[in-house]
Structure formats: structure tokens, C-alpha cells
*Asks:* 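Pasting a structure below so you can have a look.
Residue numbering restarts at 1 for every chain, and letters A, B, ... go by the order of the sequence lines.
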Number of protein chains: 2
Amino acid sequence: MTEPLHRLLGSDLAADPAFLLARARAVTSVVANARLAPFQLKVRSLSVLWLAGQGFGPSQRELSEFLGLDPSQVVALIDDLQGRGLVERRPDDRDRRSRIIVATPAGRELLEQALTEVRAAGDTSFAGLTDDERKTLTGLLTKVAFGGR
Amino acid sequence: MTEPLHRLLGSDLAADPAFLLARARAVTSVVANARLAPFQLKVRSLSVLWLAGQGFGPSQRELSEFLGLDPSQVVALIDDLQGRGLVERRPDDRDRRSRIIVATPAGRELLEQALTEVRAAGDTSFAGLTDDERKTLTGLLTKVAFGGR
DNA sequence: CTTCAATCATTGACTTTCTCAACTATTTGG
DNA sequence: CCAAATAGTTGAGAAAGTCAATGATTGAAG
């Protein structure tokens, strides 16, 4: 027997995209974090490792802007990853204030494994959507996530 | 002059729906919370007031389930709203363990005003989307937010 | 009818995440 | 060269999330 599957779904709130965004984000991150737990990663720390492991060589400021995090949170995330030998802080020749974050070989190795888990998490989280719908969703979310100034 | 508008957009991460969900949710909630600040509300507390003000008479357990919050968080939210005379805890005749949350007249009044702000916030957050796209997004998000078991 | 397990709301403790202000080193523009 | 802005860091405090325990009540089983 299935759940009552909420009568509250009939409320206006249930049709509010901002609310849906919050709830969808909550459920997906729970699923993904569970999968990442064995690696001692969360979606947050993985995001950093991800960008560091793909040759972008982001500065911390870029990470902070792109991930929507306070610079101090980025510091903490990188401290952790660096302490575990997964990323390095490299000097930026063009600006000595700035640090460029690069994954170590160990970091790239872990990234690979973590990514397969994350993909699996995505498959369960977005199981109700067809491939086309996922693409559509991705496109729409991109506009919302990066639309404003 | 516009922003660099991130080279990191080229990363795989930028195409990951879970990441986009997180970022979209972050930006929309910042916008909405800013609009709600004059009412001393946040999207969280408004959600409760919203459901309480529309005749659903949700129990706290229902709120907790539907909003995806721990029951203790719901207690705190309602304590606050009740302390400000915006909602009441009513006994549930069918189950005396449970409390039914109902907005007071003052609560409904405030809700009205807050809702127009929230709609305005939505208009700025989703400005990049057509009406059709918003509907599509809402539909897709509903599946994700309420899909799994 | 009684007992036992489950459920609802609550409390309290604790961790994580968020937000902000201050500070140092460095860069940029005048 | 100087002043203002920027990158990263630190630290503090607020908000949010997690978890276990408790009292009251319910429902199911015997």
C-alpha cells in the first residue's frame, strides 16, 4: 500500500516553484550525500573537487562565486580536502593574492569513483523523468540559477 | 558592463541537475527572504503560515512531512508564529495527541500581504522564463520533489 | 478490558551551514 | 607613490539540520 501522498499537494504552496525548488533540492541532496558518505564527501565538497579535477584551475573566489558560497566556507572546504591530500593550493602567477585549486592524482582518483555514485544518485532522484525531461529541467534550471546579474 | 559570467559554466558540474537545483534554490530563497524581511518572515515561516491560512488545518506532523522538516523545527516555527498571534494550535478531536495549525485573522491578513511580495520575488527570480516554461518547470519539479517513496 | 507497540508533539543537545565583520597581503588606477 | 579595491583567512554568532529521549495518547492483539 502506498503513502497517503499528501492532501497538502492541493495547496497553492505545492504549486510554488520556489517551494518545489527547495524541496527537490532537499531530497536530491539527501540521496547524493548518502551515496557520497563512504568517501567522506558531501555534494558540497565534491563540487569543489569536481571543479578542481577538471583542469579549470579555479581560484577560491571563482569557486565561491560559482558555488554561491561565502569565501570563508570555501576556505573550510579546501582546508579539508587539502588536509586529505585531494587538492592543492597553487600560487597564481598573475595575482599573488589568489590561489588556484587543483586536484592531486589521489583527488582525481577519488573524484572518478565519487562521480559514478553521484550519477547513480541522480538516476534515483530523477527516476520519474524521461531523458528529455531531464534535459529540459537542466536548461530551465540553468536560466534560474545563472539568470540574474 | 556585464559580469565575466563564469567560464566555469563550461564544467560538467554546471550541467548537473542536482547542482543547479541547489544553486537555483539558493538564489530564489535569497530574493524571497529579502522581500519577506519587512514582515519578519522567511520562506520557511511563510510556508507554515500559508498552509495554516488556507483551510487545510494541517497537523504538525503533516507540516513536517510536507515541508521536509524535522518535527522539532516545525515546533520552533509554530512557536514563533503563535507567539506573534499569527497562528493557533487547535486540538484535533480525532486524535488528542495532534495539534491542528490554523491562521488567526491577523495571520491571514499578513499572509495576504506576504503573498504579493512572494509573487513579486518569483517574478524576478523566474524572469528569464516564459509562462509556459514556468509551468513546465513546476511540473518537472513536482515529480522530483514528490516522486520517490 | 488490558497491555504493548507505535505515533504526535516537545525538549534538549549537538553538528553543520550561513552570514558578517575584521585583518593581511597584494593589486589596480589615478 | 597613494588610495581604494580585491583575494584569502580568521573568528564569532545566528540559523538550520540531526538525533535521541520523554509524556501523552492511540490502536492493535490478546
Side-chain angles (χ1 to χ4, degrees), chain A residues 3-4 19 22-23 25-34 36-37 40-48 52 57-83 87-102, chain B residues 1 3-4 22-23 25-34 36-37 40-48 52 57-83 87-102:
Chain A
E3 302 279 313
F19 164 68
R23 201 184 203 275
R25 172 287 182 148
V27 319
T28 58
S29 77
V30 164
V31 172
N33 282 336
L36 291 174
Q40 311 204 67
L41 289 173
K42 297 194 169 194
V43 288
R44 269 302 168 64
S45 39
L46 180 66
S47 305
V48 172
S59 72
Q60 296 185 203
R61 185 195 116 266
E62 286 177 307
L63 288 172
S64 138
E65 247 175 52
F66 190 69
L67 300 176
L69 300 176
D70 189 87
S72 60
Q73 291 180 275
V74 174
V75 169
L77 287 167
I78 295 177
D79 280 352
D80 173 56
L81 294 174
Q82 189 176 36
V87 304
E88 295 179 351
R89 279 180 238 238
R90 294 211 187 138
D92 179 349
D93 302 324
R94 300 177 156 271
D95 185 342
R96 283 181 305 171
R97 289 169 303 181
S98 137
R99 306 304 184 98
I100 287 176
I101 309 305
V102 182
Chain B
M1 196 197 63
E3 302 279 311
R23 200 185 204 274
R25 173 282 180 153
V27 319
T28 59
S29 77
V30 164
V31 172
N33 282 335
L36 291 174
Q40 312 205 65
L41 289 173
K42 298 195 166 192
V43 288
R44 268 304 167 63
S45 39
L46 179 66
S47 305
V48 173
S59 71
Q60 296 185 203
R61 186 197 116 265
E62 286 177 308
L63 288 171
S64 138
E65 248 176 52
F66 190 69
L67 300 177
L69 301 176
D70 189 88
S72 60
Q73 293 180 278
V74 174
V75 168
L77 286 167
I78 295 176
D79 280 351
D80 173 57
L81 293 174
Q82 189 177 36
V87 305
E88 294 178 352
R89 279 181 238 238
R90 295 211 187 138
D92 180 350
D93 302 324
R94 301 177 155 271
D95 184 343
R96 283 181 305 171
R97 289 168 302 181
S98 134
R99 305 303 184 100
I100 287 176
I101 309 306
V102 181

*Asks:* Find the distance between CG (Leu46(B)) and CG (Leu77(B)) and round it off to the nearest 0.5 Å.
*Replies:* 11.0 Å

*Asks:* Could you go step by step and tell me if Val74(B) and Leu67(B) meet the side-chain contact (heavy atoms from CB on, under 4.5 Å) rule?
*Replies:* CA-CA 9 Å; Val74(B) 174; Leu67(B) 300 177; 5.5 Å; no

*Asks:* Could you tell me how far apart Asp80(A) (CG) and dT9(D) (C1') are, to the nearest whole angstrom?
*Replies:* 16 Å

*Asks:* Is a side-chain N or O of Asp92(A) found less than 3.5 angstrom from the main chain of Arg97(A), in a donor-acceptor match?
*Replies:* no

*Asks:* In whole angstroms, how far is the P atom of dT17(C) from the CG atom of Leu69(A)?
*Replies:* 10 Å

*Asks:* I need the CZ-P distance between Arg61(B) and dA6(C), as an integer number of Å.
*Replies:* 16 Å

*Asks:* Mind calculating the distance between CZ (Arg99(A)) and C1' (dT6(D)) to the nearest angstrom?
*Replies:* 15 Å

*Asks:* What does the list of N/O pairs under 3.5 Å between the protein and nucleotides 19-22 of chain D look like, with a distance for each?
*Replies:*
{"from": "dC19(D)", "atom 1": "N4", "to": "Asp70(B)", "atom 2": "OD2", "distance (Å)": "3.4"}
{"from": "dC19(D)", "atom 1": "N4", "to": "Ser72(B)", "atom 2": "OG", "distance (Å)": "3.1"}

*Asks:* Please check if the side chain of Ser64(B) supplies one atom and the backbone of Leu69(B) the other of a donor-acceptor pair under 3.5 Å.
*Replies:* yes

*Asks:* Out of curiosity, Ile101(B) CD1 to Leu63(B) CG, how far, rounded to the nearest 0.5 Å?
*Replies:* 6.5 Å

*Asks:* Using the side-chain heavy atoms of Ser98(A), tell me which of these nucleotides is nearest: dG8(D), dT17(C), dA16(D).
*Replies:* dG8(D)

*Asks:* Using OP1 and OP2 only, check whether a side-chain N or O of Lys42(A) sits under 4.0 Å from dT16(C).
*Replies:* no

*Asks:* In residues 87-96 of chain A, what residues come within less than 4.0 Å of DNA chain D, judged by heavy atoms?
*Replies:* Arg89(A)

*Asks:* Could you give the CD-to-P distance, from Gln73(B) to dA9(C), as a whole number of Å?
*Replies:* 15 Å

*Asks:* Once you round it to whole Å, what is the distance between P of dT25(D) and CZ of Arg97(B)?
*Replies:* 10 Å

*Asks:* From C-beta outward on Gln60(A), which listed nucleotide comes closest to its side chain: dA16(D), dG8(D), dA9(C)?
*Replies:* dG8(D)

*Asks:* I'd like to know whether Ile100(A) forms a side-chain contact (heavy atoms from CB on, under 4.5 Å) with Arg89(A), so could you lay out the CA-CA distance, the side-chain angles of the two residues, the decisive distance to 0.1 Å, and finally the verdict.
*Replies:* CA-CA 6 Å; Ile100(A) 287 176; Arg89(A) 279 180 238 238; over 6 Å; no

*Asks:* What are the two closest non-hydrogen atoms of Arg23(B) and Glu65(A), and how far apart are they?
*Replies:* NH2-O, 2.8 Å

*Asks:* Specify the closest pair of heavy atoms between Leu36(A) and Val43(A), including all atoms of both residues, with the distance to one decimal.
*Replies:* CD1-N, 3.7 Å

*Asks:* Which listed nucleotide (dA16(D), dT10(D), dA9(C)) is nearest to the side chain of Val75(A)?
*Replies:* dT10(D)

*Asks:* For Asp79(A) and dG8(D), give me the distance from atom CG to atom P, rounded to whole Å.
*Replies:* 13 Å

*Asks:* Any idea which heavy atoms bring Pro58(B) and Ala52(B) closest together, and the distance?
*Replies:* CD-CA, 4.3 Å

*Asks:* Looking at five pairs on each end of the helix from dC1(C)-dG30(D) to dG30(C)-dC1(D), what is the angle between the two axes, given to 10 degrees?
*Replies:* 30°

*Asks:* Where do Ser45(B) and Lys42(B) come nearest, in terms of heavy atoms and distance?
*Replies:* OG-N, 2.9 Å

*Asks:* Let me confirm one number: the CZ-CZ distance from Arg90(A) to Arg99(A), rounded to the nearest 0.5 Å.
*Replies:* 13.0 Å

*Asks:* Which distance, rounded to the nearest 0.5 Å, do you find between the CZ of Phe19(A) and the CZ of Arg25(B)?
*Replies:* 12.5 Å

*Asks:* Expressed in angstrom and rounded to an integer, what is the separation of Leu77(A) atom CG from dC18(C) atom C1'?
*Replies:* 12 Å

*Asks:* Name the nucleic acid region contacted by Ser64(A), choosing base, sugar-phosphate or nothing; use a 4.0 angstrom heavy-atom cut-off, strictly under.
*Replies:* nothing

